[in-house]
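Following: one structure in structure tokens, then a few remarks.
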Amino acid sequence: MDSLTQVVLGGSVAALAVPAAHRRRAVLAGAVLGTLPDLDSFPMRWMGVDAVTLVTWHRGPSHALPVLALFGALLWWLLKRWWPPVRESPGRWLLAIWLALLTHPLLDAFTVYGTQLWWPLPPQPTMWSSVFIIDPAYTLPLLVAFVAVLVVGARPVGRRFLAVGLVLSSAYLGWSLLAKTLVDREARAALAAQGLADAPFFSTPTPFNTLLWRVVALTPDGMLEGYRSLPVDRGPLRLERHAGETAALQALAQTPAVARLRWFASGFLLANAEGDSLVLSDLRMGAAPFYSFRYRIAERAGPQAPWTPVAPTTLPAPATARSTVVRGTWHRLWHEPAAHEPPFSFMRFTHPPS
């Protein structure tokens with residue numbers, strides 16, 4: 001999730017755990033601890049690691065529950081020696097520290113990006129994919145509670161603000177899981193109707209909401225993509241086919257960069273030729289053809305030449321991608337395409353929809 005959300009979540013859970021007299025200090029300490037795991041990218045950048053290492057090690061050790069639990073206990077032990085509030089109420093401050101740290105990766109796991117909750121064990125990153133990385137409906141109740149505690153301090157009303165904020169934000173996560181269940185049911189039916197009942201697929205909400213969902217399924221020749229608006233869609237889920245260089249991707253599957261990306265993305269990758277470059281897109285973030293994470297992984301001397309692996313480099317999305325996706329999301333949320341119209345594509349919204 002975005003940094004603001006992690007700040008207000010960490011501050012809120014920490015402030016709720018400590019005695020009232022410590023509440024203002026806890027909300028600030030929790031804010032720092034709540035954003036701490038995301039600072040892991042800075043030392044990796046300073047070390048000059050390659051693009052694949054940077055993206056696949058973020059949300060790795062710094063987001064692992066065992067690592068954070070151990071770090072929290074060590075930090076608590078140090079603070080108990082040097083900081084009076086922790087000495088006055090050590091048990092409740094240990095709980096506050098653990099809550100601020102551990103809720104960070106657990107919340108991240110609700111996004112589609114993937115979080116290595118059990119590092120150094122080898123399971124693929126956890127991606128419950130029921131909320132977008134920025135969702136005001138989740139963040140706003142926590143932000144109100146966070147600010148309220150800074151204003152009212154130890155007064156009882158501060159605890160009520162915290163309780164209400166955490167209940168509302170948690171209820172929203174619950175709704176997101178229910179919405180995902182409804183969308184997944186439609187996705188399974190649509191795939192079964194095409195003879196793809198066993199195709200790997202995922203669903204994820206589109207930017208800033210949990211009402212319009214994107215569904216992606218892998219096929220032997222590429223992938224299928226479709227959208228489901230819970231407010232307006234009534235017919236079967238419609239899926240649009242996108243071809244990819246599946247043979248080239250399979251040939252490069254054992255190269256270190258591609259193998260690492262396949263593990264990290266749970267296999268949801270699409271390779272496409274762009275000139276004499278082979279570009280690998282992470283299908284989980286973005287929408288066809290605007291993906292957030294794209295990597296140049298191979299090159300060739302000509303159209304008939306074999307692909308040769310190269311050191312992976314990131315490729316930026318088009319400058320208009322973000323505004324295009326936002327406009328397309330808002331329009332599609334309230335408009336189900338007619339039966340004679342082609343399946344939804346963000347390409348239709350390169351210019352504002354009429």
Side-chain angles (χ1 to χ4, degrees), residues 1-42 59 61-111 115 117 126 131 133-174:
M1 296 291 285
D2 63 284
S3 296
L4 174 62
T5 301
Q6 295 291 8
V7 162
V8 295
L9 174 61
S12 296
V13 294
L16 193 62
V18 301
H22 299 169
R23 200 170 285 150
R24 273 204 185 103
R25 282 170 286 192
V27 80
L28 295 175
V32 173
L33 294 174
T35 197
L36 192 61
D38 279 342
L39 301 182
D40 62 347
S41 60
F42 290 104
R59 292 200 188 181
S62 69
H63 287 61
L65 297 178
V67 173
L68 290 175
L70 182 61
F71 172 76
L74 177 60
L75 178 62
W76 169 80
W77 179 77
L78 292 172
L79 290 174
K80 191 170 66 166
R81 293 171 60 91
W82 301 107
W83 199 31
V86 180
R87 287 202 302 269
E88 293 171 15
S89 187
R92 295 179 70 172
W93 269 97
L94 176 60
L95 178 61
I97 291 170
W98 272 340
L99 285 173
L101 288 171
L102 298 178
T103 54
H104 181 120
L106 289 173
L107 181 59
D108 278 347
F110 278 89
T111 72
T115 307
L117 294 179
T126 303
V131 292
I133 56 173
I134 301 174
D135 194 324
Y138 177 82
T139 306
L140 187 59
L142 295 173
L143 178 61
V144 172
F146 185 94
V147 173
V149 168
L150 291 177
V151 173
V152 304
R155 282 183 279 172
V157 68
R159 183 175 180 83
R160 289 196 289 271
F161 269 107
L162 290 169
V164 171
L166 288 166
V167 166
L168 290 176
S169 60
S170 298
Y172 185 74
L173 289 181

Among Trp77, Trp93, Trp76, the one residue meeting ring pair (Phe, Tyr, Trp, His ring centres under 6.0 Å) with Trp83:
Trp93

Do Thr115 and Asp108 pass the side-chain hydrogen bond (donor to acceptor under 3.5 Å, both in side chains) test, and can you show the C-alpha distance, the side-chain angles, and the key distance before you say yes or no?
CA-CA 6 Å; Thr115 307; Asp108 278 347; 4.8 Å; no

Between Arg59 and Thr126, is there a side-chain donor-acceptor contact under 3.5 Å, judged purely by atom types and distance?
no

For the student: nearest non-hydrogen atoms of Ala14 and Ala96, plus distance
O-CB, 3.7 Å

Kindly compute the distance separating CZ (Phe71) from CG (Leu101), expressed to the nearest 0.5 Å.
6.5 Å

Between Ala26 and Ala15, the two heavy atoms sitting closest are CB-CA, 3.8 Å

Taking the side chain as every heavy atom from C-beta outward, state whether Pro105 and Leu65 have any pair of such atoms under 4.5 Å apart.
yes

Going through the checks in order, is the side chain to side chain contact (heavy atoms under 4.5 Å, CB included) test met by Leu36 and Leu39?
CA-CA 6 Å; Leu36 192 61; Leu39 301 182; 3.8 Å; yes

Of all heavy-atom pairs between Ala69 and Trp98, which one has the smallest distance, and what is that distance?
O-NE1, 2.9 Å

Begin from the C-alpha positions of His22 and Arg92 and carry the test side chain to side chain contact (heavy atoms under 4.5 Å, CB included) through to its verdict.
CA-CA 10 Å; His22 299 169; Arg92 295 179 70 172; over 6 Å; no

When rounded to the nearest 0.5 angstrom, what distance separates CE in Met1 from OG1 in Thr35?
13.0 Å

Testing the basics here: between Ala145 and Gly165, what is the closest heavy-atom pair and its distance to 0.1 Å?
CB-CA, 4.5 Å

With Arg23, which residues qualify under salt bridge (charged side-chain N to carboxylate O under 4.0 Å, His left out), at least two apart?
none

Nearest heavy atoms of Pro37 and Ser62, plus distance in Å
O-OG, 3.0 Å

What closest approach, in Å, do Asp2 and Thr5 show between heavy atoms, and which atom pair accounts for it?
OD1-OG1, 2.6 Å

To the nearest 0.5 angstrom, please state how far the OH atom of Tyr138 sits from the CG atom of Leu168.
11.0 Å

Between Ser169 and Leu166 (side chain of the first, backbone of the second, donor and acceptor by atom type, cut-off under 3.5 Å), is there such a pair?
yes

Trace of the side chain to side chain contact (heavy atoms under 4.5 Å, CB included) decision for Phe146 with Leu162
CA-CA 7 Å; Phe146 185 94; Leu162 290 169; over 6 Å; no

Find out whether Val86 and Leu94 are in side-chain contact, i.e. whether some heavy atom of one side chain is under 4.5 Å from a heavy atom of the other.
no

Rounded to the nearest 0.5 angstrom, the CG-OG distance for Leu9 and Ser170 is 8.5 Å

Name every donor-acceptor pair, under 3.5 Å, that has one atom in a side chain of residues 148-161 and the other anywhere in the protein, sequence neighbours excluded.
unit_1: Arg155; atom_1: NE; unit_2: Val152; atom_2: O; d: 3.4
unit_1: Arg159; atom_1: NH1; unit_2: Leu16; atom_2: O; d: 3.3

Leu99 versus Leu33: any side-chain heavy-atom pair under 4.5 Å?
no

With sequence neighbours left out, write down each residue that passes ring pair (Phe, Tyr, Trp, His ring centres under 6.0 Å) with His63, or none if nothing qualifies.
His58, His104

Rounded distance [0.5 Å steps], CG in Leu142 versus CG in Leu107:
9.0 Å

Separation of Ile97 CD1 from Leu102 CG (nearest 0.5 Å):
11.0 Å

